[in-house]
Every structure is written in C-alpha cells, then in structure tokens.
K.L.:
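My questions will all concern the structure given below.
Just follow the structure's listing: the first ligand is 1, and inside any ligand the first atom is 1.
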Amino acid sequence: MTWRSTILTLFPEMFPGPLAHSLAGRALKDGKWSLETIDIRDFAHDKHQTVDDTCVGGGAGMVLKADIVDAALTHACNQYPHEPPALIYLTPRGEPLRQSRVRSFMQDHPTGCILLCGRYEGVDDRVIEKWREERGLLEISIGDYILSGGEIAALTFMDACVRLLPGVVNKQESLESESFELDLLEFPQYTKPQIWQGKVVPEILLSGDHKKIAAWRHKQAEQITEVRRPDLWQAYLTKHPSGQR
Ligand code: SAM
C-alpha cells in the first residue's frame, strides 16, 4: 500500500525538496509513499489570482481567504473518493508535534494525509473552524517558533511520518532506540576508529556483553535526559518510577 500525501501550498515547487533524497527519497521512488501538490493559487477567481486580503480589525500582514482555501481543500478531498484522508493545518497554534503523536497519527491514518500550508499571517479562521468541525481537521505545530510558511513544517511532518512506514528505515531496532521512542533522549553513539584525536570510545561498548551494553546505554539515556530535558525527565519518572536514581 502506498502512503499518500497531498500538499496545499502557494509554493508547490518546494516539494518534494529534501524528501527526494536519502531514505525518504528512495521510499518515494519505490512507491512506498507518494506526494502530490495542489497550488492554492489555482483556486483564485480574479485575473490577478488574489489569494489573500488584509486583516479584518487592522494589523500588519495579509490573511489567506476562506473561500479560496475552502475550494482547495474540497478539491484535495475529492481526490480521495474511497477513504477520507487525515486533514492537517500546519500552524504554530496547533498541537506541538512529538514522536508519540507521529506514531499515533500513523496508526490512526495509515493511508496518508492532506496538509494545508499557511502563509502571511495565516488562514482566515472560519475555514479552519469549518473543516475542524465537519471533517476533523487537525492543527499541528512543529515547535514554538514562527516560520514564514507551512511548507517546511509540512516537510518536517512528512519526513517523521515516512520514516515509520514499513521498510523505509532498514533496521527496526534503529527506530526503537531513537530519542523520544522510550520517553528518553538517545544514548551517545560512536563509530570507528576506537581512538580519535585522543578520545576513546567507552570501553563497555567493546566488551561484546550485550546485556551490560544495553544497561550502560539506558543509564546514559537517563542521565542525558535529566540534564538536557527536565520536562521529559519528569514525565519519564512519572511513567517509570524505577528510573529514579
Ligand atoms: N500569524 C501566525 C501566528 O502568529 O500564529 C503565524 C503565521 S506564519 C508567519 C505563516 C504560516 O507558516 C502559518 O500559517 C503556518 O502555516 C506556518 N507556520 C509558521 N510557524 C509554524 C510552526 N511552528 N508550525 C507549523 N506551521 C507553522
């Protein structure tokens, strides 16, 4: 089965961009996922192809018009006559994206999604409200900062999703040990040579004792999480009280 994505954007030329390379790019070529873009500007109805207007109530910047975004969303949904896809608006006002959310999203929506990329000051809230109420549109943020548009957020979201498709990342275990998967940041990783610029790989990793290596890595993951991400560490302790040292 191909995981299908449709992107509504004013900049279709930004796609697949970085997702044409490496793991995601290979999976795209192999048909494990697909990507279509829809140019929001195609739904403008004046000769200047206007898609935005000034903010009602005053304020700087422009807002994407409700009727145009609505027509683009309707067109995108009509491309999926059989199974209604997940609909997502990328916005800093959305639910912050986490690895656990990517996993649950992929479980709940294994067939794909339609992603709406905003620009300027964003999208007229009435169209977002309509699609949230009628079609369960989700609002997702990729972090507490402001990007110029939703395209980079959409690429980020898709990359996180595509990695979880069966056969995209070669070894399942490399996914399982990654940061956030076990509610912890990942332990430090090393490769050859054993000594580089006088720095030595921790000896335990050369012992061949897989049980001891796993225990060392787990301890490292706990320590790093405690120091770097007190928020994650507190959540981890609540979930795994035995993690307390
Ligand atoms: N005025 C909006 C606000 O303060 O919430 C920000 C608009 S932003 C300049 C333009 C578009 O970029 C948004 O509509 C959204 O699609 C996208 N965007 C910006 N930051 C984002 C983020 N952190 N996560 C997801 N999308 C983002």
Side-chain angles (χ1 to χ4, degrees), residues 3 5-19 24 33 35-44 49-77 79 85-106 108-109 112-164 179-180 229 231-232:
W3 188 80
S5 62
T6 302
I7 322 293
L8 277 66
T9 170
L10 288 173
F11 297 95
E13 62 280 10
M14 286 189 179
F15 296 89
L19 299 186
W33 69 291
L35 185 150
E36 255 173 85
T37 53
I38 291 178
D39 190 342
I40 297 172
R41 209 170 284 286
D42 289 345
F43 299 86
Q49 290 201 294
T50 310
V51 292
D52 56 341
D53 209 332
T54 53
C55 304
V56 175
M62 305 294 277
V63 176
L64 286 171
K65 288 165 75 66
D67 56 336
I68 289 169
V69 171
D70 188 54
L73 278 168
T74 304
H75 176 79
C77 285
Q79 315 288 307
L87 292 172
I88 296 177
Y89 172 41
L90 282 318
T91 166
R93 297 170 63 206
E95 176 191 344
L97 189 60
R98 294 182 182 281
Q99 186 63 20
S100 54
R101 188 67 183 96
V102 180
R103 277 209 179 272
S104 67
F105 176 81
M106 290 301 275
D108 296 346
H109 306 284
C113 61
I114 294 174
L115 301 174
L116 170 63
C117 305
R119 275 271 153 185
Y120 318 126
E121 285 312 311
V123 178
D124 186 317
D125 214 55
R126 291 168 296 179
V127 69
I128 300 302
E129 189 183 301
K130 171 187 160 176
W131 284 79
R132 189 196 305 125
E133 285 170 1
E134 293 180 10
R135 295 294 305 272
L137 175 132
L138 304 167
E139 290 170 77
I140 290 190
S141 162
I142 64 155
D144 290 344
Y145 40 79
I146 303 294
L147 302 169
S148 311
E151 290 75 13
I152 291 173
L155 288 165
T156 303
F157 179 78
M158 282 192 294
D159 189 26
C161 290
V162 165
R163 287 174 60 73
L164 299 184
S179 295
F180 311 117
R229 290 291 300 273
D231 57 326
L232 289 182

K.L.:
Any nitrogen or oxygen of R93 lying under 3.5 Å from a nitrogen or oxygen in ligand 1? Just yes or no.
P.N.:
no
K.L.:
Of the listed options (V63, T91, I88, L115), which comes nearest to atom 26 (N) of ligand 1 when hydrogens are ignored and any heavy atom counts?
P.N.:
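Answer by nearest heavy atom: T91.
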K.L.:
N/O to N/O below 3.5 Å, does that happen between V123 and ligand 1?
P.N.:
no
K.L.:
Less than 3.5 Å between some nitrogen or oxygen of Y89 and one of ligand 1, yes or no?
P.N.:
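It does: an N or O of Y89 is found under 3.5 Å from an N or O of ligand 1.
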K.L.:
Is the closest heavy-atom distance from I140 to ligand 1 below 4.0 Å?
P.N.:
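Yes; I140 lies near enough to ligand 1 that a heavy-atom distance drops under 4.0 Å.
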K.L.:
Among all protein heavy atoms in this structure, tell me which lies nearest to atom 20 (N) of ligand 1, with the distance rounded to 0.1 Å.
P.N.:
L147 N, 3.0 Å
K.L.:
Return the residue, atom name and 0.1 Å-rounded distance of the protein heavy atom closest to atom 16 (O) of ligand 1.
P.N.:
L90 O, 2.6 Å
K.L.:
For atom 2 (C) of ligand 1, what's the nearest protein heavy-atom neighbour? Residue, atom name and distance, please.
P.N.:
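Heavy-atom neighbour on the protein nearest atom 2 (C) of ligand 1: E121 O, 3.6 Å.
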K.L.:
Please report the interatomic distance CG(L90) to OG1(T156), rounded to the nearest 0.5 Å.
P.N.:
8.5 Å
K.L.:
Is the closest basic N to carboxylate O distance between D124 and R126 below 4.0 Å?
P.N.:
yes
K.L.:
Salt bridge check: are R93 and E139 linked by an N-O gap of less than 4.0 Å?
P.N.:
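Salt bridge: no.
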K.L.:
Considering non-hydrogen atoms of the protein only, which is the closest contact for atom 7 (C) of ligand 1, and what is the distance?
P.N.:
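The answer is Y120 O, 3.4 Å.
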K.L.:
Answer yes or no: does an N/O atom from L116 fall short of 3.5 Å to an N/O atom of ligand 1?
P.N.:
no
K.L.:
Identify the closest protein heavy atom to atom 24 (N) of ligand 1: which residue and atom is it, and at what distance?
P.N.:
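It is I142 N, 3.1 Å.
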K.L.:
At what distance, to the nearest 0.5 angstrom, does CD1 of I140 lie from CD1 of I88?
P.N.:
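So the CD1 of I140 and the CD1 of I88 are separated by 4.5 Å.
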K.L.:
Does ligand 1 come near enough to A153 that some N or O of the ligand is less than 3.5 Å from an N or O of the residue?
P.N.:
no
K.L.:
Going from CD1 on I7 to CG on L115, what distance comes out if it is rounded to the nearest 0.5 angstrom?
P.N.:
4.5 Å
K.L.:
NZ/K130 to CG/L73 distance, rounded to the nearest 0.5 angstrom?
P.N.:
8.5 Å
K.L.:
Quick one: does ligand 1 sit under 4.0 Å from the side chain of I146, the backbone, both or neither, non-hydrogen atoms only?
P.N.:
both
K.L.:
Identify which of C55, G122, P92 has a heavy atom lying nearest to atom 6 (C) of ligand 1.
P.N.:
P92
K.L.:
Measuring from atom CG of D42 to atom CD of Q49, what distance do you get when rounded to the nearest 0.5 angstrom?
P.N.:
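Result: 7.0 Å between the selected atoms.
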